[in-house]
Amino acid sequence: MKKGDIRRAFTYLESGAVALVTTHDSGRDNVMTNSWHMVMDFIPHIAICTGSWNESFETILTTKECCICIPTIDMIEKVIGIGTVHGSECDKFDRFQLEKQKGEIVMSPIIRDCLAAIECKLEDHIEQHGLLVFEGIRLWENPDKKETRVIHANGDGTFFADGDFYNFRDSMRQWVPDGSERLS
Ligand SMILES: Cc1cc2nc3c(=O)[nH]c(=O)nc-3n(C[C@H](O)[C@H](O)[C@H](O)COP(=O)(O)O)c2cc1C
């Protein structure tokens, strides 16, 4: 992956793409699937909803960081597998053949085959609602990725991929900050 402009990091999540959240603690990497997340502003601040039923949650509270990676539809079987097994049961990077790339700011790895990845620092934990609020600080993008359709979850075990794209940038100019145009 190559570094991208942090001003367009939020565009990879705003559409509700299913994400892979990587973590690192005590020499060990882990990854979980996450579809409950929300972009909160353009910086971007990103909230994800999770809890103590996931090992990644405890790791994030300890290390105060993660990397939010955006998989594409060709990775859907891995995405489901990652979200149905715990890191203590196996090395998910080995089991699902995920190639890693080192980030620059956090220790949590970038999944190289994803479309994009956002290195994030934890800013807040809203315990009552299981919300972890991050600031995204470094964007990585994969310009060589042929499949660019991201995955969307209905929440009932069914999924769909991106469909047609419609460009309303001109009429939305007041809400489209400079530098935020997504590559794909
Ligand atoms: C499609 C999908 C979406 C998921 N979304 C979330 C989510 O938004 N929040 C959450 O806490 N768990 C979510 N999960 C469940 C975790 O990914 C799962 O519990 C995972 O095994 C946790 O791994 P860990 O224990 O190694 O951290 C999702 C799973 C799948 C398959």
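Heavy atoms only: backbone and side chains are in, while hydrogens, waters and symmetry mates are out. Order of listing sets the numbers, starting from 1, for every ligand and every atom in it.
- The pair D113-K145 meets the salt-bridge criterion, since a charged nitrogen lies less than 4.0 angstrom from a carboxylate oxygen.
- Across the listed options N54, T59, N30, N54 owns the non-hydrogen atom lying nearest to atom 10 (C) of ligand 1.
- Here the protein heavy atom with the shortest distance to atom 9 (N) of ligand 1 is C49 O, 3.0 Å.
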*Would you please test I73 and V150 for side chain to side chain contact (heavy atoms under 4.5 Å, CB included) and show each step?*
CA-CA 6 Å; I73 194 67; V150 299; over 6 Å; no
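- Looking at V18 next to ligand 1, no N or O pair under 3.5 Å apart turns up.
- Looking at M32 next to ligand 1, no N or O pair under 3.5 Å apart turns up.
- Near F159, with a cut-off below 4.0 Å to any heavy atom, the atoms of ligand 1 are 1 (C).
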_Audit row: H37, F134, ring pair (Phe, Tyr, Trp, His ring centres under 6.0 Å) steps and yes/no_ = CA-CA 11 Å; H37 57 66; F134 295 93; over 10 Å; no
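- What sits closest to atom 29 (C) of ligand 1 on the protein, heavy atoms only, is G83 O, 3.6 Å.
- Of the N and O atoms on the side chains of D162 and H152, at least one donor lies less than 3.5 Å from an acceptor on the other residue.
- Residues N54 and S56 bring no donor and acceptor atom of their side chains to less than 3.5 Å of each other.
- Between F57 and ligand 1 there is no heavy-atom distance shorter than 4.0 Å.
- Contact annotation for V85 and ligand 1: only backbone heavy atoms (N, CA, C, O) come within less than 4.0 Å of the ligand.
- Taking CZ of R95 as the start and CD of E89 as the end, the distance is 7.0 Å to the nearest 0.5 Å.
- For atom 4 (C) of ligand 1, the closest non-hydrogen atom of the protein is T33 O, 3.5 Å.
- Annotation: V31 places no N or O atom under 3.5 Å from an N or O atom of ligand 1; distance criterion only.
- No heavy atom of E89 sits closer than 4.0 Å to any atom of ligand 1.
- Ranking the protein heavy atoms by distance from atom 23 (O) of ligand 1 puts K92 NZ, 3.0 Å first.
- A salt bridge is defined here as a Lys NZ or Arg NE, NH1 or NH2 lying under 4.0 Å from an Asp or Glu carboxylate O, and K121 with E123 fails to meet this definition.
- Looking only at protein heavy atoms, the nearest one to atom 3 (C) of ligand 1 is S35 OG, 3.4 Å.
- Among all protein heavy atoms, the one lying closest to atom 25 (O) of ligand 1 is H86 ND1, 2.4 Å.
- Judged by the shortest distance from any of its heavy atoms, T23 lies outside the 4.0 Å radius around the atoms of ligand 1.
- For T23 (side chain) and I60 (main-chain N/O), no donor-acceptor pair under 3.5 Å exists by modelled atom type.
- The protein atom (non-hydrogen) at minimum distance from atom 8 (O) of ligand 1 is W36 N, 2.8 Å.
- From I46, atom CD1 reaches atom SG of C66 across 8.0 Å, with rounding to the nearest 0.5 Å.
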_Apply side chain to side chain contact (heavy atoms under 4.5 Å, CB included) to residues Y12 and I68 and explain how you reach the verdict._
CA-CA 10 Å; Y12 288 99; I68 300 178; over 6 Å; no
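- Within the 4.0 Å heavy-atom cutoff, A153 does not count among the residues contacting ligand 1.
- Closest protein heavy atom to atom 7 (C) of ligand 1: N34 ND2, 3.4 Å.
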